[in-house]
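The structure under discussion appears below in the form of structure tokens.
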Amino acid sequence: MPEKTLIPHLIHQTWKNTDVPHKWREWSESWRRHHRDWEYRLWTDADNRAFLEEHYAWFLPVYDGYREPVKRAGAIRYFVLDHFGGLYVDLDFECLRPMTELFAGQELVLGLEPEEHVQLPSSRHGGMRRIVGNAFMASRPGHPFWPHVHRRLVGAHTRPDTLDATGPFFLTRSVDSAPEDAPITFLGAATLYPKLSPAAAELFGQREDDRDLAHAVHHWSGACVREAPGAPAASRGRQVRFWMSQDLQPCVRGVVDLDAQRRRWASGSPAPTVSCLMVTKGRLPLAERAIRCFLAQTYTRAELVVVDDGADGALADHVREHADPRIRVHRLPPEGRTLGALRNIAVDLAAGTYVCQWDDDDLYAPERLEVQLAAVLALDATACFLARERLWWPARRKLAISGVRVWEGSMLCAKDALPRYPERRRGEDSPVAEAVVRGGRTVSLDAPELYTYVFHGANTFDESHFTSLFDAATQVWPSGDAYADQVRAMAKRLPLAPADDLEAPVPEPSR
């Protein structure tokens, strides 16, 4: 019986081009210095795609479909190790001593991140019991673990967070479900990850890395660094103007510092579940877009309850493809129920302490849940509304910031304080919002970018209603360069549809 091929003496690293940033050059050189007889390969973005096109062309639709380059960088390493074998290591990893003896007789070597990383909010929300790092991996070519990983990459490609789509959370789940014929050797954090990530160091305090024990040190300065505790960098340091009322009487106004609540979450304060409630029927493209908005939320302690009384199961099939247990579809026969009745069914199905209206035809910024819930908890409120919203009329190429009012669709409310919706086919949320404001402590946030109210021609209310909202707007971007710039900025954060292309012809106004 021929002897198994073991880990070849080959080091892989990747960067977008051959000009490696100066801050990583010394660490990259440390691997060549300690392994002078090993082959070294720096893979560029162009190299990566050409390699896939030659050897794994079936994966290109997924690879090209990643919106963030860091996801492609995460995925390519699993194919390079399968084909060539060797050691893959991130550029921000420093080598302290040779790996030859460490790899002797091994087929696949992976490293465990520090225990403190398991206690981070993102890890707890993801159900992590351990974290297998993907910044350092060594393998023989053709190891049976890699085809398993490749299949799971396809299933996870729509996950919005890099950690879940191609990163350490993804790798950990792949290890947990690996076939029995895939032997893996795990190295402890003291060997490869003696240094805490910045997020963990902020919570638990930085510890000195024992370089006498470690073979390498991950410096956590790469593109896929673990998020700081509580929120992504894009939404940290946020201060938002607010108004508060108690039983319809104004009681306080000012600026709320949302980082205070984020720090409480990061230190272990309870993070309640928010149930986002979506009622839909026969509008698959819109519903898919609303689901993408949910999946992109920075606050992950949430579920999406979908009540669908459409004639087919296309949406349920789409949700199954995501394989995300946080999304639940409840199908009903198309019996002409009112919108109010359908919303009540969604509320009854909600498992969260808080509920949030999640209309299928609007757009939601990734920080919507996080910001609104942080305001509710920080200000001890029953509910949170947005004082203004963004208004968008794609067919007319008009964008605006609304006037100030209680925007019903933006409601995030304690479930036990929510009254029943009336049996109406439209306008059913207005009396509910009024009752919540009238009978509790509510906060209104002036953060219009969190919610985009979209007019697409098949809304519950007609064109005249939307025209009146634009007439009362506090800021308007009509057709032109200013509008185009605003839409391009939106497209960087929101899942806009191809039909919203700025080059599409503008239809004539109806008469």
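Model, not experiment: these values are computed from the prediction. The basis for the numbers below is simple: all heavy atoms, side chains too, and nothing from hydrogens, waters or symmetry mates.
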Would you tell me whether Glu367 and Thr298 have side-chain atoms, one donor and one acceptor, within less than 3.5 Å of each other? no
Could you tell me whether Arg283 and Asp361 make a salt bridge, using a distance below 4.0 angstrom between a side-chain N and a carboxylate O? yes
Decide if the gap between the ring center of Trp407 and the ring center of Tyr451 is smaller than 6.0 angstrom. no
For the residue pair Tyr56 and His150, is the inter-centroid distance of their aromatic rings smaller than 6.0 Å? yes
Are His117 and Ser123 close enough that a side-chain donor and a side-chain acceptor fall under 3.5 Å? no
Can you sort out the partners of Arg241 under side chain to side chain donor-acceptor pair (under 3.5 Å), two or more places apart, ordered by chain and number? Asp446
Rounded to the nearest 0.5 Å, what separates atom NZ in Lys398 from atom CZ in Phe466? 9.0 Å
Which residues pass the side chain to side chain donor-acceptor pair (under 3.5 Å) test with Thr452, not counting sequence neighbours? Arg390
How about Arg253: does its CZ atom have over 12 heavy atoms from other parts shown lying under 6.0 Å from it? no
Can you measure from OH (Tyr193) to CD (Glu115) and round to the nearest 0.5 angstrom? 14.5 Å
Which pairs pass salt bridge (Lys or Arg N to Asp or Glu O under 4.0 Å) with one or both residues in residues 376-387, sequence neighbours excluded? none
Using atom types as modelled, flag every donor-acceptor pair under 3.5 Å from a side chain in residues 129-136 to any protein atom, sequence neighbours excluded.
residue: Arg130; atom: NH2; partner: Asp176; partner atom: OD1; Å: 3.1
residue: Asn134; atom: ND2; partner: Tyr78; partner atom: OH; Å: 3.3
residue: Asn134; atom: ND2; partner: Thr166; partner atom: O; Å: 3.4

Which is it for Arg289 and Leu363 under the side-chain contact (heavy atoms from CB on, under 4.5 Å) test, yes or no, and what are the steps along the way? CA-CA 8 Å; Arg289 187 178 70 180; Leu363 290 161; 3.5 Å; yes
Suppose we screen for salt bridge (Lys or Arg N to Asp or Glu O under 4.0 Å). Which residues come up paired with Asp308, at least two apart in sequence or across chains? none
Answer yes when Asp164 and Arg173 have at least one side-chain N-carboxylate O distance shorter than 4.0 Å, and no when they do not. yes
With sequence neighbours excluded, residues passing side chain to side chain donor-acceptor pair (under 3.5 Å) with Gln261: Arg264
Sub-4.5 Å side-chain heavy-atom contact between Tyr421 and Thr338: no
